[in-house]
Amino acid sequence: MATRKPVLPRVGHFASFGAPGVLVYVCFVLAPILISFGYSLTNYNPFHPPVRFVGFDNYQLLFTDEQFLAALEVTTILTLIVVLVPNVLGLGVALLLDRKGWLYNALRSVFFTPVILSSVVVSIVWSRLLDDAGPLNNLLRALGVEHPPGWLSDPDLALYSVASIVCWQMLGFCVVVYLAGLQGVPAELLEAAEIDGAGPLRRFRAVTWPLLAPSLTITTVVLLISAFKTYDYVKVITNGGPGSGATATIAFDVLQTGFDANHVGYASAMAVLMLAIVAVVTTVVLNFLRRREVDL
Amino acid sequence: MTRRLVALLVGAVFFVPLYLVLANVFKRGDLIAKEPASLPLPPTLANIHAVLTRPDGLFWVSLANSVVVTVSSILVLTVLSAMLGHYLARSRKRWTKVLTLVLLAGLMIPPQVILIPITDVLRVTHLMASLPGLILFNVGYYVPFGVFVFSGFVRGVPVELEEAALLDGAGRMQVFWRVVFPLLRPATASVLIFLGVWIWNDFIDPLIILGPGQGTTITTGIYRSIGQYQADLGSVFALMFLATLPVLIFYLALQKQFVKGLTGGATKG
């Protein structure tokens, strides 16, 4: 009875296998992006009808809006720190822990635990720790520092404190990815290099580091994207402050403008511009890192 | 020997904030503010007891909401993304390549870009401030990740297996669920773990979609209790501890698959 059915999928096959997933994606991701773009061309504010079409006025306004430009700067600084620091420290810790034994296994778990914590939990713990009257400053006072820094209350410092907290949470992720990458480095290659007279630094630069290229790609892209949408930390730790927006990221500004101030049209323009920036930066970085992988 | 000492030292410094949570969960409320870094001596379960027996039932209500949202979301996501991932991995048509790219682009969309219109979509469909609304949003938003993982793994399953089963007269659904899906267990594990942890820990989406009413999840519950009960730090720490416990157990039970899933993506790029 067995008649041969086509193995490769047909359109009828799509209806049952593909369509449900695609449908939810279209309804809850693609359509909202289009709606967002639509809103961004209006002065939509649910409490101030009527809605008027304003073309690209919102976008034009963004480039002279000091609050938005400040948020852009905050986001850029935060992203640079969050991409660089966990990558460098994560590689260092991974090299340190790249050994067998219960101690190294236990330490891997210690570094990874923050990754599975909610950013809200991480934010609350760190804001206690860095409070002006918190344990860290008490320790500094006990050590004789008369005026310890206001980690979260000093507008010049708060952004760096928030960035450090994000780095602390993301470090374990980099450690695990780099550890897995290190396992892929063949011992024979390292031995051969050693026989050829290469010291530890030389072996790392010539053998290990190039073979870690795929690990670098994945950590960098994941860090880049998650840094760009930083919202939870800012909301819970500083609520955008201290002062006027010292830590307000674009992601934070979009929701403040859209939901608290109800300027939906303007917030949508900000969101669309944000998406465009993420898309361009991610594509460029991904291409650059991928090319590095192929070259080797 | 020095390597061990350095590793231990670095680990200890890194561990300090985690210690702070653990120590203060079991410390008397008045001592938390006074000596936050001291050992919890004598240890007390009063904080945990206080959270579990709150008159407004905040912990139990948000726990139930978090469980319902997380479990339903990851079950639906696994089914939908496994089937879609399989379809896309096996298809050779040009338009499905485009579809794959469009889906992968979804991996980098910040939730802020879609949250504002989502609330309008949900309001029109009367799903705003409801658990089904949040679950549907989660499914749509995380489908790209599921498809990414599953389609990668499907490519490792020989197509001949499916052909043989089809020749034996099995339907496509049967072939997929009986033959292919069991072979995708590592992919299923990492999708369940990753999405389980992300959705459980999610803050912004439940905050906005469920709104301020009774519908809090465990993370939004913590956020609200820190505002309302600033003085009772013991309860806040206990709540954070209890909220993390399920994820921690889930993670420890499936640790191996978790790391495999993480690195499977890394090596395949």
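The structure presented is a predicted model; accordingly, all values stated were derived computationally and were not measured.
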Visitor: Which answer fits L95(A), side chain, backbone, both or neither, if we ask what part of it has an atom under 4.5 Å from a heavy atom of chain B?
Guide: backbone
Visitor: Verify, without hydrogens or angle tests, whether S91(B) (side chain) and Y87(B) (backbone) share a donor-acceptor contact under 3.5 angstrom.
Guide: no
Visitor: Checking heavy atoms, do the side chain of L88(B), its backbone, both or neither come under 4.5 Å from chain A?
Guide: neither
Visitor: Can you say whether V143(B) sits under 4.5 Å from chain A via the side chain, the backbone, both, or neither, judging by heavy atoms?
Guide: side chain
Visitor: Please rank A133(A), S118(A), S109(A) by heavy-atom pairs under 4.5 Å with chain B and give me the top one.
Guide: S118(A)
Visitor: Tell me whether S40(A) contacts the main-chain N or O of F37(A) through its side chain, where contact means a donor paired with an acceptor under 3.5 Å.
Guide: yes
Visitor: Taking side chain as everything from C-beta outward and backbone as N, CA, C, O, which of these in L171(A) sits under 4.5 Å from a heavy atom of chain B? Side chain, backbone, both or neither.
Guide: side chain
Visitor: Tell me, side chain or backbone of I250(A) under 4.5 Å from chain B's heavy atoms, or both, or neither?
Guide: neither
Visitor: Locate the shortest heavy-atom distance separating A243(B) from W200(B); write the atom from each residue and the value.
Guide: O-NE1, 2.9 Å
Visitor: May I ask you to list the residues in residues 219-231 of chain A that approach chain B closer than 4.5 angstrom, counting heavy atoms only, ordered by number?
Guide: I225(A), K229(A), Y231(A)
Visitor: Between the main-chain N or O of V102(B) and the side-chain N or O of Y25(A), is there a donor-acceptor pair closer than 3.5 Å?
Guide: yes
Visitor: Checking the side chain of N58(A) only, and the main-chain atoms of T42(A) only, is there a donor and an acceptor separated by less than 3.5 Å?
Guide: yes
Visitor: Strictly distance-based, threshold 3.5 Å: is any side-chain N or O of T96(B) a donor or acceptor partner for the main-chain N or O of R92(B)?
Guide: no
Visitor: If we ignore hydrogens and angles and just use 3.5 Å, is the side chain of R108(A) paired with the main-chain N or O of L97(A) as donor and acceptor?
Guide: yes
Visitor: Considering non-hydrogen atoms only, spot the tightest contact between D205(B) and P111(B) and give its length.
Guide: OD1-CB, 3.9 Å
Visitor: Pick from M240(B), M108(B), M83(B), R4(B): which one has the most heavy-atom pairs with chain A under 4.5 Å?
Guide: M83(B)
Visitor: Within the 4.5 Å heavy-atom criterion, are L107(A) and F15(B) side-chain neighbours or not?
Guide: no
Visitor: For the interface with chain B, which of N138(A), D131(A), V254(A), V121(A) has the highest count of heavy-atom pairs at distances below 4.5 Å?
Guide: V121(A)
Visitor: Against chain A, label V139(B) side chain, backbone, both or neither, depending on which of its atoms sit under 4.5 Å from a heavy atom there.
Guide: both
Visitor: Walk me through whether F111(A) and V10(B) qualify under side chain to side chain contact (heavy atoms under 4.5 Å, CB included).
Guide: CA-CA 10 Å; F111(A) 281 96; V10(B) 175; 3.7 Å; yes
Visitor: Which answer fits A279(A), side chain, backbone, both or neither, if we ask what part of it has an atom under 4.5 Å from a heavy atom of chain B?
Guide: both
Visitor: Between I114(B) and chain A, with a heavy-atom cut-off of 4.5 Å, which part of the residue counts as in contact: side chain, backbone, both or neither?
Guide: both
Visitor: What orientation do F181(B) and F176(B) show, parallel under 30°, tilted 30 to 60°, or perpendicular over 60°?
Guide: tilted
Visitor: In a check of side chain to side chain contact (heavy atoms under 4.5 Å, CB included) between I249(B) and each of V247(B), L252(B), L245(B), which one passes?
Guide: L245(B)
Visitor: Start with the C-alpha gap between M170(A) and L89(A), add the side-chain angles, then the distance that decides, and say whether side chain to side chain contact (heavy atoms under 4.5 Å, CB included) holds.
Guide: CA-CA 10 Å; M170(A) 296 307 280; L89(A) 293 183; over 6 Å; no
Visitor: Under 4.5 Å from any heavy atom of chain A, what part of L122(B) do you find: side chain, backbone, both or neither?
Guide: side chain
Visitor: With a 3.5 Å distance limit and no angle check, can you tell me whether Q112(B) reaches the backbone of M270(A) through a side-chain donor-acceptor pair?
Guide: no
Visitor: Considering only heavy atoms, which portion of I218(B) lies under 4.5 Å from any heavy atom of chain A: side chain, backbone, both, or neither?
Guide: neither
Visitor: Could you tell me which portion of T217(A) (side chain, backbone, both or neither) has an atom closer than 4.5 angstrom to a non-hydrogen atom of chain B?
Guide: neither
Visitor: So which of G146(B), G106(B), P117(B) has the biggest tally of heavy-atom pairs under 4.5 Å with chain A?
Guide: P117(B)
Visitor: So which residue, L77(B), N24(B), I204(B), ends up with the most heavy-atom pairs under 4.5 Å with chain A?
Guide: I204(B)
Visitor: Chain A heavy atoms under 4.5 Å from V21(B): which part of the residue, side chain, backbone, both or neither?
Guide: side chain
Visitor: Can you tell which part of L103(A) gets under 4.5 Å to a heavy atom of chain B, answering side chain, backbone, both or neither?
Guide: side chain
Visitor: Hey, can you tell me if Y39(A) and Y44(A) have their rings parallel, tilted or perpendicular (30° and 60° cut-offs)?
Guide: tilted
Visitor: When you measure from the side chain of S225(B) to the backbone N and O of I222(B), does any donor-acceptor pair fall under 3.5 Å?
Guide: yes
Visitor: Using non-hydrogen atoms and a 4.5 Å limit, figure out which bit of D202(B) sits close to chain A: side chain, backbone, both or neither.
Guide: neither
Visitor: Taking the six-membered ring for Trp and the single ring otherwise, decide whether the centroids of Y141(B) and F137(B) are under 6.0 Å apart.
Guide: yes
Visitor: Heavy-atom distance under 4.5 Å to chain A: side chain of V175(B), backbone, both or neither?
Guide: neither
Visitor: Heavy-atom distance under 4.5 Å to chain A: side chain of T219(B), backbone, both or neither?
Guide: both
Visitor: More than 12 non-hydrogen atoms from neighbouring residues, nucleotides or ligands closer than 6.0 Å to CZ on R3(B), yes or no?
Guide: yes
Visitor: What residues of residues 256-263 of chain A sit under 4.5 Å from chain B when only non-hydrogen atoms are counted?
Guide: G258(A), F259(A)
Visitor: Which region of T119(B), side chain (C-beta onward) or backbone (N, CA, C, O), has a non-hydrogen atom less than 4.5 Å from a non-hydrogen atom of chain A, or is it both or neither?
Guide: side chain
Visitor: I'd like to know if the side chain of T249(A) reaches the main chain of F252(A), judged simply by a donor and an acceptor atom lying under 3.5 Å from each other, with no hydrogens or angles considered.
Guide: yes
Visitor: Is there a side chain to side chain contact (heavy atoms under 4.5 Å, CB included) between F150(B) and T78(B)? Walk through the geometry before answering.
Guide: CA-CA 9 Å; F150(B) 275 114; T78(B) 303; 4.0 Å; yes
Visitor: Tell me if a side-chain donor or acceptor on N201(B) pairs with a main-chain N or O of I116(A) at a distance below 3.5 Å.
Guide: yes
Visitor: Most heavy-atom pairs under 4.5 angstrom with chain B, which of D232(A), I35(A), V236(A)?
Guide: D232(A)
Visitor: Could you look at F237(B) and say if it's the side chain, the backbone, both or neither that has a heavy atom under 4.5 Å from chain A?
Guide: side chain
Visitor: Pick whichever of L239(B), L103(B), V6(B), L80(B) has the most heavy-atom pairs under 4.5 Å with chain A.
Guide: L103(B)
Visitor: Over 60° means perpendicular and under 30° means parallel, so tell me whether W168(A) and W126(A) are parallel, tilted or perpendicular.
Guide: perpendicular
Visitor: Could you tell me which portion of V122(A) (side chain, backbone, both or neither) has an atom closer than 4.5 angstrom to a non-hydrogen atom of chain B?
Guide: neither
Visitor: Given the rule in the side chain to side chain contact (heavy atoms under 4.5 Å, CB included) test, do M173(B) and S16(A) qualify, once you have shown the distances and angles that lead to the verdict?
Guide: CA-CA 9 Å; M173(B) 280 287 170; S16(A) 56; 3.7 Å; yes
Visitor: Counting only heavy atoms closer than 4.5 Å, note whether Y178(A) contacts chain B via side chain, backbone, both or neither.
Guide: neither
Visitor: Of the listed residues (P110(B), A7(B), G85(B)), which shares the most heavy-atom pairs with chain A below a 4.5 Å separation?
Guide: A7(B)
